[in-house]
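Quick notes on the structure that follows.
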Amino acid sequence: MSTIFKKIIDKEIPANIVYEDEDFLAFNDINPQAKVHVLVIPKKEIRNLDAATEEDALLLGRLQLVIAKIARQLGIAEEGYRVITNINGNGGQEVFHIHYHILGGEKLPVTLK
Ligand code: 5GP
């Protein structure tokens, strides 16, 4: 089932887009948890990492390289950043279109609790 991120891909609702190519889109999170908080998504609708298959291997590998490229473009790579993907309930996933959070622009807390 499609999510709000599909509407962002299709430009049916606005987002502050920081990167786009044929297969991927990145935009600022509406509720930032760090000075820099960008979401990176493949345009292909995959529910989450648990739903990904071998068929998605190349796409997901390229996604990681795109994340690194975006972080460099944002100017946060040298100082460092964190990449998170949440999966299902215990992972805190709210939007069921696979996405990776890029968090940075400041020193991040090390622990979850
Ligand atoms: P999740 O908890 O699923 O890993 O993360 C979903 C993220 O999407 C949250 O950080 C939330 O703030 C963000 N988000 C939800 N709806 C929208 C939206 O309409 N626009 C943008 N830019 N971010 C959204």
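Quick note: residue numbers are just sequence positions, from 1. Quick caveat, the model's predicted, so the values are computed rather than measured. Both ligands and their constituent atoms are indexed starting at 1 by order of listing.
Remark: minimum distance from atom 22 (N) of ligand 1 to any protein heavy atom is reached at N28 O, 2.9 Å. Among all protein heavy atoms, the one lying closest to atom 2 (O) of ligand 1 is G92 O, 2.9 Å. Regarding atom 15 (C) of ligand 1, its nearest protein heavy-atom neighbour is V95 CG2, 4.1 Å.
Note that CG of N48 is 6.5 Å distant from CD1 of I98, once rounded to the nearest 0.5 Å. Going from atom CD1 of I46 over to atom OG1 of T53 covers 7.5 Å, rounded to the nearest 0.5 Å.
Residue N31 approaches ligand 1 through these ligand atoms, each under 4.0 Å from one of its heavy atoms: 12 (O). In the vicinity of N86, heavy-atom distances shorter than 4.0 Å reach the ligand 1 atoms 1 (P), 2 (O), 4 (O). Atoms of ligand 1 lying under 4.0 Å from at least one heavy atom of F5, given by number and element, are 8 (O).
A side-chain donor-acceptor contact under 3.5 Å links Q33 to the backbone of N31. Between the side chain of E20 and the backbone N or O of L25 there is no donor-acceptor pair closer than 3.5 Å. At least one donor-acceptor pair closer than 3.5 Å links the side chain of K43 to the backbone N or O of D21.
Salt bridge annotation for D23-K44: absent, with no cationic side-chain nitrogen under 4.0 angstrom from a carboxylate oxygen.
Among the atoms of H37, none of the N or O lies under 3.5 angstrom from an N or O of ligand 1. In terms of N/O distances under 3.5 Å, ligand 1 is not approached by Q93.
In D10, the CG atom is crowded: over 12 heavy atoms of neighbouring residues, nucleotides or ligands sit closer than 6.0 Å. For CD of E12, the number of neighbouring non-hydrogen atoms (other residues, nucleotides, ligands) closer than 6.0 Å is greater than 12.
Among E94, H99, Q33, the residue whose heavy atom sits closest to atom 4 (O) of ligand 1 is H99. In this comparison of I8, T3, D29, the heavy atom closest to atom 10 (O) of ligand 1 sits on D29. The heavy atom nearest to atom 23 (N) of ligand 1, out of those in I4, I87, I13, I30, is found in I30.
Contacts between I84 and ligand 1, counted as non-hydrogen atom pairs separated by less than 4.0 Å, are absent for every part of the residue. With a 4.0 Å heavy-atom cut-off, ligand 1 is reached by no atom of F96.
The closest approach between A15 and ligand 1 stays at or above 4.0 Å for every heavy atom of the residue.
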Intermediate values then yes/no, side-chain contact (heavy atoms from CB on, under 4.5 Å), H99 and F5: CA-CA 9 Å; H99 55 279; F5 289 176; 3.5 Å; yes

